[in-house]
Structures are given as C-alpha cells and as structure tokens.
J.: 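There's a structure below that I have some questions on.
Both backbone and side-chain heavy atoms feed into the values below; hydrogens, waters and symmetry mates do not.
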Amino acid sequence: MNNLFDEINKIPFAVTGTPLNEKDIISYQKKMVEYGYNQLPPEVITFLKKYNGFLLEGRCLWGANTKKGYRFDILSENNLAEAPNYEDMTLLGSTETTYVAWFKSTNSYSMVDNYDFSVIHTFDNFQNAVRYLLKIDD
C-alpha cells in the first residue's frame with residue numbers, strides 16, 4: 001500500500017479529505033452495519049486513515065463522513081445509488097460512467113456500470129483498482 005501512497009502523492013491538483021483516526025473508523029464501521037452494509041475491508045480502512053477520500057478530474061474515491069457537511073461519503077453515496085446487491089457489493093468511488101465496488105463474497109474490487117451495475121473489469125486487490133481509477137501506470 002505504501003507504493004500506492006507514494007504514487008498518489010506525486011499527483012498534482014488532487015483533493016483529499018482529512019485522514020481518519022482509529023476512533024472515527026470504529027464509529028463509521030458501526031454506522032455502516034447499522035444501515036445494513038458490510039464493514040469496510042482493511043485496505044479501504046488504511047486508505048481512509050491516509051486520505052479519507054480522493055478527487056481528481058472527475059474520478060473519486062469516497063471518504064467517510066464523521067462530521068456534517070462532508071461530500072462524497074461512502075454510506076450516503078451507497079444509499080443514493082440503490083445498488084441491487086448491497087448485501088455483497090459496497091460502492092467506494094465513481095467516475096462519470098462507473099463505480100468502484102468491493103464485493104465481500106470474493107473480496108475483489110470491480111469497476112461497475114453506473115446504470116445497470118454490470119461488472120466491467122475486476123481487480124484482485126484495492127491498490128490495482130485505485131491505480132486503474134486514477135490512471136496510474138505500473
């Protein structure tokens with residue numbers, strides 16, 4: 001994950017959220033469960049502790065809203081999207097045409113269509129999904 005962070009730190013003009021602390025993470029994970037969603041996977045938690053969201057040229061990884069007025073919140077965006085398979089799929093970010101989704105059953109990440117939620121491309125880990133989303137070449 002550190003290599004990904006190094007790569008992200010080199011990207012100019014990116015907007016990031018305020019990093020989360022352990023107390024915020026615990027509270028947010030409880031909130032996810034209260035609303036019927038899965039707890040976020042460890043890789044996403046590590047990302048939230050470092051960036052808590054990321055926005056670059058219309059490509060966005062959502063953060064966790066621990067205070068009022070936070071835009072692009074994982075929980076809020078999942079509620080708005082009305083994903084058909086929310087028991088297994090948690091949306092984590094978006095572009096104009098796709099979502100970045102985590103599938104609990106396979107512990108995999110995919111780019112899914114914004115409209116019909118069909119899987120476009122699947123990744124075996126969070127880092128590769130983020131690299132794809134942000135157009136970071138290996």
Side-chain angles (χ1 to χ4, degrees):
M1 188 74 99
N2 286 334
N3 288 341
L4 176 62
F5 292 158
D6 291 342
E7 294 171 84
I8 288 173
N9 288 335
K10 294 176 186 174
I11 299 173
F13 310 112
V15 177
T16 61
T18 303
L20 296 181
N21 60 41
E22 197 63 37
K23 180 182 172 188
D24 291 334
I25 294 291
I26 292 167
S27 174
Y28 198 76
Q29 292 280 52
K30 288 179 183 176
K31 194 174 182 184
M32 291 289 293
V33 171
E34 283 176 27
Y35 282 86
Y37 295 100
N38 294 304
Q39 289 190 347
L40 299 170
E43 307 157 313
V44 174
I45 296 301
T46 300
F47 189 84
L48 295 175
K49 287 180 178 178
K50 178 76 173 178
Y51 296 110
N52 193 23
F54 193 91
L55 178 62
L56 175 69
E57 299 172 353
R59 298 181 306 270
C60 183
L61 284 167
W62 305 323
N65 179 7
T66 59
K67 297 171 179 61
K68 297 289 182 207
Y70 188 84
R71 194 169 175 207
F72 301 123
D73 171 57
I74 293 169
L75 182 56
S76 299
E77 295 293 335
N78 274 271
N79 285 335
L80 289 172
E82 298 179 5
N85 191 10
Y86 72 90
E87 297 89 5
D88 185 38
M89 178 174 59
T90 303
L91 303 175
L92 302 171
S94 64
T95 69
E96 284 184 19
T97 58
T98 60
Y99 288 117
V100 179
W102 170 63
F103 290 88
K104 182 179 180 180
S105 63
T106 58
N107 194 32
S108 63
Y109 298 83
S110 296
M111 300 300 293
V112 298
D113 186 88
N114 277 10
Y115 302 102
D116 66 7
F117 295 93
S118 60
V119 174
I120 298 167
H121 195 10
T122 299
F123 306 91
D124 60 351
N125 64 55
F126 181 68
Q127 293 88 336
N128 289 340
V130 172
R131 283 185 178 94
Y132 183 88
L133 175 76
L134 299 178
K135 300 179 181 176
I136 298 173
D137 296 323
D138 284 280

J.: For residues Ile74 and Leu40, determine if any side-chain heavy atom of one lies less than 4.5 Å from a side-chain heavy atom of the other.
T.: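 When only atoms from C-beta onward are counted, Leu40 and Ile74 do touch, with a gap below 4.5 Å.
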
J.: Does Phe123 have any ring-ring contact (aromatic ring centres under 6.0 Å, His included) partners at least two apart in sequence or in another chain, and if so, which?
T.: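 With neighbours one apart ignored, the set is His121, Tyr132.
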
J.: Working to the nearest 0.5 Å, report the span between CG of Asp73 and CG of Asn78.
T.: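 So the CG of Asp73 and the CG of Asn78 are separated by 9.0 Å.
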
J.: In Å and rounded to the nearest 0.5 Å, what is the CG to CZ distance from Asn3 to Arg131?
T.: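 Taking CG in Asn3 and CZ in Arg131, the distance rounds to 6.5 Å.
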
J.: Quick one: which residue pairs count as a ring pair (Phe, Tyr, Trp, His ring centres under 6.0 Å) with a foot in residues 23-42, not counting sequence neighbours?
T.: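 Matches after skipping sequence neighbours: Tyr37-Tyr86.
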
J.: Taking side-chain contact (heavy atoms from CB on, under 4.5 Å) as the definition, give me every residue that meets it alongside Thr46, ordered by chain and number, with sequence neighbours left out.
T.: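 Thr46 satisfies side-chain contact (heavy atoms from CB on, under 4.5 Å) with Met1, Phe5 once adjacent residues are dropped.
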
J.: Going by the salt bridge (charged side-chain N to carboxylate O under 4.0 Å, His left out) test, which pairs reach into residues 46-56, not counting sequence neighbours?
T.: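 Applying salt bridge (charged side-chain N to carboxylate O under 4.0 Å, His left out) to every pair that reaches into residues 46-56, excluding sequence neighbours, yields Glu22-Lys49.
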
J.: For side chain to side chain contact (heavy atoms under 4.5 Å, CB included), just list the numbers for Val15 and Phe72, CA-CA rounded to whole Å, side-chain angles, deciding distance to a tenth of an Å, and then say yes or no.
T.: CA-CA 12 Å; Val15 177; Phe72 301 123; over 6 Å; no

J.: With the side chain counted from C-beta on, respond yes when Asn85 and Phe117 share a heavy-atom pair under 4.5 Å apart, and no when they do not.
T.: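 Not touching, per the 4.5 Å side-chain cut-off.
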
J.: If the condition is ring-ring contact (aromatic ring centres under 6.0 Å, His included), which residues does Phe126 pass it with, not counting sequence neighbours?
T.: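 Per chain and number, Phe126 pairs via ring-ring contact (aromatic ring centres under 6.0 Å, His included) with Phe47, Tyr109.
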
J.: Who pairs with Ser27 by side chain to side chain donor-acceptor pair (under 3.5 Å), at least two apart in sequence or on another chain?
T.: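 For Ser27 there are no side chain to side chain donor-acceptor pair (under 3.5 Å) partners, ignoring immediate neighbours.
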
J.: Which pair of non-hydrogen atoms, one from Asn38 and one from Met32, has the smallest distance, and what is that distance?
T.: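 Taking Asn38 first and Met32 second, the nearest heavy atoms are O-CE, 3.6 Å.
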
J.: Taking the side chain as everything from C-beta on, heavy atoms only, tell me whether Ile136 gets closer than 4.5 Å to Lys10.
T.: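 Side-chain contact under 4.5 Å: no.
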
J.: In Å and rounded to the nearest 0.5 Å, what is the CG to CG distance from Asn125 to Asn128?
T.: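 Result: 4.0 Å between the selected atoms.
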
J.: Asp113: which residues meet the side-chain contact (heavy atoms from CB on, under 4.5 Å) condition with it, sequence neighbours left out?
T.: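 Per chain and number, Asp113 pairs via side-chain contact (heavy atoms from CB on, under 4.5 Å) with Tyr115, Asp116, Ser118, Ile120.
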
J.: Could you tell me which residues satisfy side-chain contact (heavy atoms from CB on, under 4.5 Å) with Leu20, sequence neighbours excluded, listed by chain and number?
T.: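 If we apply the side-chain contact (heavy atoms from CB on, under 4.5 Å) test to Leu20, skipping adjacent residues, the hits are Asp24, Ile25, Leu48, Asn52, Ala64, Thr66.
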
J.: Regarding Thr122 and Ser108, do their side chains bring together a donor and an acceptor under 3.5 Å, going by distance alone?
T.: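 Checked: Thr122/Ser108 side chains show no N/O donor-acceptor pair below 3.5 Å.
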
J.: For the residue pair Cys60 and Leu55, what are the closest heavy atoms and their distance?
T.: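 Closest heavy-atom pair between Cys60 and Leu55: CB-CD1, 3.9 Å.
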
J.: So which pairs with a foot in residues 51-65 pass salt bridge (charged side-chain N to carboxylate O under 4.0 Å, His left out), sequence neighbours left out?
T.: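 Sorted pair list: Glu57-Arg59.
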
J.: By the salt bridge (charged side-chain N to carboxylate O under 4.0 Å, His left out) test, which pairs, at least two apart or in different chains, include something from residues 28-47?
T.: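 Output for this query is empty, none listed.
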
J.: Donor-acceptor pairs under 3.5 Å, side chain of residues 89-103 to any protein atom, not counting sequence neighbours: which ones?
T.:
unit_1 : atom_1 : unit_2 : atom_2 : d
Thr95  : OG1    : Thr97  : N      : 3.2
Thr95  : OG1    : Thr98  : N      : 3.0
Thr95  : OG1    : Thr98  : OG1    : 2.8
Trp102 : NE1    : Asn107 : OD1    : 2.9

J.: Taking side-chain contact (heavy atoms from CB on, under 4.5 Å) as the definition, give me every residue that meets it alongside Gln39, ordered by chain and number, with sequence neighbours left out.
T.: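 Gln39 satisfies side-chain contact (heavy atoms from CB on, under 4.5 Å) with Gln29, Val33 once adjacent residues are dropped.
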
J.: Do Val44 and Trp62 have side chains that approach each other closer than 4.5 Å (heavy atoms only, starting at C-beta)?
T.: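 Contact flag for Val44/Trp62 side chains = no.
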
J.: Is there a side chain to side chain contact (heavy atoms under 4.5 Å, CB included) between Val130 and Phe54? Walk through the geometry before answering.
T.: CA-CA 10 Å; Val130 172; Phe54 193 91; over 6 Å; no

